Visitor: 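First the structure, then my questions, so here it is.
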Amino acid sequence: MKPHNTSFKKSGFILSVIALSAFVQTRANSNIVSQFEFSATDVSTNLVFIKCTSDATEISGCGFIANMDDKLYLFTSQHLILGADKIKFISPTGRTLKPHSVELSYARDIVRLELDGGDGFSIIQDPAMGSSIGIFSSSDLQDMDARYGTITGVGAEIIEVSAAFEDEHSGSPVLGLDQSVIGIASYVRESRDHVMKKGTRFENTTRRFCYRLDRVKWQSVSWKRYNQQFGTLYLESNLLIDSIIEILNEWSDEPFKDVQLDSDTERALISWADSHNHVLKNYGGKGSFNRKFLSDYSASTHELAEVCRSRARKIRMISGQRGLSQFMLNEYDMQAGTLEFFGKMIDRISTSTDY
């Protein structure tokens with residue numbers, strides 16, 4: 001009897017495994033969806049579309065209305081509104097909401113803004129592992145969205161969920177089967193390869209985290225002053241980090257290509273890009289290096305590293321002021337650390353002539 005041919009192409013096997021995983025996940029989500037007796041449209045009156053504008057950028061996001069401490073609040077993420085010159089809170093019906101006080105979570109990425117009395121979601125405590133959840137959002141005035149999954153991890157401040165929400169859904173409510181709020185969708189983290197993750201559920205995965213709304217320490221602030229003092233720098237630094245990442249990505253493929261920046265990029269970086277592109281005019285192509293060009297290129301990249309370090313120093317100085325929440329202190333520390341790391345990376349480029 002002729003033996004069966006058990007050989008197969010590795011790529012075909014991997015694709016089959018991916019397809020099977022997607023099928024299993026889709027079927028699991030279908031089972032979860034069937035447990036919910038309401039849709040995003042059914043809870044839309046408590047969903048909020050948020051539009052934030054500043055000189056540097058325009059950002060939109062999500063929020064929701066819920067009752068807490070015998071008052072009605074609009075909840076969303078701090079990082080969404082920080083640095084905005086104008087903020088509009090709009091219901092799916094087009095009604096503009098007018099909050100009249102601002103309280104920041106001291107340690108979590110949450111802000112609550114008090115509204116005039118009315119109805120909203122209720123909030124539950126002590127979320128249970130394995131509970132079915134839905135994340136409902138109003139990403140614009142017409143589009144209602146829902147992502148379903150389960151609670152896969154519970155901590156003192158955060159819960160991890162399997163629902164496939166994205167960064168643009170940050171600020172959306174995480175609802176249980178009874179329409180009660182379990183948490184607020186916050187951030188997505190890409191899993192990195194590590195030997196300790198091999199063979200675990202954390203290998204090659206994207207993890208999604210939501211902040212709990214129970215046992216939160218709130219900090220009342222004068223929003224205009226707080227935002228001018230801390231929020232503007234926070235937003236500008238995030239945009240600077242994004243721009244540096246784009247530059248480094250471009251350099252990884254074409255280190256001698258002109259740097260193109262958006263017109264609303266901050267002035268210090270635009271000024272550097274103009275000067276750097278002038279240096280590149282003396283580059284005649286591969287193999288045409290000379291000592292003068294390499295010296296100018298090294299000096300230019302060193303100036304970019306100094307842009308990073310200068311902003312990091314400013315962040316470190318501001319973070320020493322009173323009135324900052326622990327959340328902002330953590331965010332500032334992360335921003336400064338990232339920019340300091342970028343400065344070291346770019347310095348290595350400036351001292352290297354091995355092109």
Side-chain angles (χ1 to χ4, degrees), residues 11 14 54-59 79 83 166-168 187-195 197 203-207 232-318 331-355:
S11 60
I14 293 174
S54 68
D55 292 338
T57 188
E58 181 176 296
I59 301 172
H79 78 261
E166 306 301 333
D167 287 332
E168 59 265 27
Y187 61 97
V188 178
R189 178 182 295 165
E190 299 291 338
S191 177
R192 296 180 179 178
D193 292 336
H194 192 281
V195 65
K197 296 179 181 178
E203 183 180 10
N204 300 322
T205 60
T206 299
R207 302 176 65 187
T232 300
L233 178 63
Y234 171 78
L235 176 61
E236 290 177 349
S237 298
N238 273 340
L239 296 175
L240 175 62
I241 288 171
D242 289 344
S243 296
I244 298 296
I245 290 173
E246 289 183 12
I247 291 170
L248 293 176
N249 284 337
E250 287 288 338
W251 280 357
S252 67
D253 295 324
E254 299 180 74
F256 305 113
K257 180 181 178 181
D258 279 4
V259 175
Q260 302 296 326
L261 298 173
D262 294 334
S263 59
D264 56 3
T265 304
E266 63 181 76
R267 187 174 302 174
L269 201 55
I270 291 178
S271 177
W272 169 82
D274 289 342
S275 175
H276 184 75
N277 290 340
H278 181 74
V279 169
L280 293 176
K281 290 181 180 179
N282 296 321
Y283 173 61
K286 188 174 182 180
S288 64
F289 300 118
N290 58 65
R291 183 169 295 180
K292 175 70 167 57
F293 169 74
L294 290 176
S295 175
D296 290 346
Y297 189 89
S298 175
S300 179
T301 52
H302 180 73
E303 288 174 8
L304 180 59
E306 186 55 34
V307 169
C308 296
R309 282 191 290 268
S310 176
R311 175 57 57 83
R313 288 193 294 269
K314 184 175 182 179
I315 293 171
R316 297 290 188 197
M317 181 182 66
I318 294 295
E331 289 293 293
Y332 272 162
D333 186 61
M334 187 179 302
Q335 287 181 332
T338 299
L339 289 164
E340 288 161 353
F341 174 73
F342 285 164
K344 292 178 181 179
M345 285 183 61
I346 297 168
D347 272 339
R348 292 174 185 172
I349 296 173
S350 70
T351 57
S352 173
T353 57
D354 185 16
Y355 300 109

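Quantities reported herein were computed from a predicted structural model and do not represent experimental measurements. In this chain, numbering begins with 1 at the start of the sequence shown.
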Visitor: State, yes or no, whether a side-chain contact exists between R189 and T206 at a heavy-atom distance under 4.5 Å.
Guide: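 Counting from C-beta outward, R189 and T206 never come under 4.5 Å.
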Visitor: Quick check on side chain to side chain donor-acceptor pair (under 3.5 Å): which of Q335, R316, R313 does E340 satisfy it with?
Guide: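 One option only clears the test, and that one is R316.
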Visitor: If you round to the nearest 0.5 Å, how far is CZ of R309 from CG of D347?
Guide: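 If I round to the nearest 0.5 Å, the distance is 4.0 Å.
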Visitor: Any non-hydrogen side-chain atom of I315 less than 4.5 Å from a side-chain atom of Y234?
Guide: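 Result no, sub-4.5 Å side-chain heavy-atom pair not found.
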Visitor: Do H276 and L304 have side-chain heavy atoms sitting under 4.5 Å apart?
Guide: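 In short, these two side chains do not touch, never coming nearer than 4.5 Å.
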Visitor: Please evaluate residues V307 and L339 with respect to the criterion side chain to side chain contact (heavy atoms under 4.5 Å, CB included), reporting the C-alpha separation (whole Å), side-chain torsions for both, the decisive distance (0.1 Å), and the verdict.
Guide: CA-CA 9 Å; V307 169; L339 289 164; over 6 Å; no
Visitor: Rounded at 0.5 Å granularity, tell me how far CZ in R267 sits from CD1 in I270.
Guide: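 Rounded to the nearest 0.5 Å, the CZ-CD1 separation comes out at 8.5 Å.
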Visitor: Taking all non-hydrogen atoms of both residues into account, name the closest pair between A336 and A312 and its distance.
Guide: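 That closest heavy-atom pairing would be O-CB, 3.8 Å.
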Visitor: With rounding to the nearest 0.5 angstrom, report the CG to OG1 distance, D333 to T338.
Guide: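 Answer rounded to 0.5 Å: 9.0 Å.
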Visitor: Search all heavy atoms of Y297 against all heavy atoms of P255 and return the closest pair with its distance.
Guide: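 What the structure gives for the nearest pair is OH-O, 2.6 Å.
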Visitor: Check this for me: does any side-chain nitrogen of one of K314 and E236 sit under 4.0 Å from a carboxylate oxygen of the other?
Guide: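 The answer is no: the pair does not qualify as a salt bridge.
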Visitor: To the nearest 0.5 Å, how far apart are CD1 in I241 and CZ in R311?
Guide: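 Result: 9.0 Å between the selected atoms.
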Visitor: Please check if the side chain of S237 supplies one atom and the backbone of L233 the other of a donor-acceptor pair under 3.5 Å.
Guide: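 Yes: the side chain of S237 pairs with the backbone of L233.
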Visitor: Output yes when a side-chain donor or acceptor of N277 lies under 3.5 Å from a complementary backbone atom of D258, and no otherwise.
Guide: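 No, N277 side chain to D258 backbone: no donor-acceptor pair under 3.5 Å.
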Visitor: Okay, side chain of W272, backbone of T301: is any donor-acceptor separation there less than 3.5 Å?
Guide: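 No.
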Visitor: Does the side chain of I247 come within less than 4.5 Å of I346's, by heavy atoms?
Guide: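 Answer no - side chains too far apart.
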Visitor: Evaluate the side chain to side chain contact (heavy atoms under 4.5 Å, CB included) criterion for residues D296 and K292: first the C-alpha distance (whole Å), next the side-chain angles of each, then the deciding distance (0.1 Å), finally the verdict.
Guide: CA-CA 6 Å; D296 290 346; K292 175 70 167 57; 2.5 Å; yes
Visitor: How close do F256 and L280 get, counting heavy atoms only, and between which atoms?
Guide: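 Looking at all heavy atoms of both residues, the shortest contact is O-CD1, 3.8 Å.
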Visitor: Can any side-chain N or O of S298 pair as donor or acceptor with the backbone N or O of L294 at less than 3.5 Å?
Guide: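 Checked: no pair found.
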Visitor: Stepwise, does the side chain to side chain contact (heavy atoms under 4.5 Å, CB included) test hold for E266 with L239?
Guide: CA-CA 9 Å; E266 63 181 76; L239 296 175; 5.9 Å; no
Visitor: Set out, in order, the CA-CA distance, both residues' side-chain angles and the distance that settles side chain to side chain contact (heavy atoms under 4.5 Å, CB included) for I244 and L269, then state yes or no.
Guide: CA-CA 9 Å; I244 298 296; L269 201 55; 4.1 Å; yes
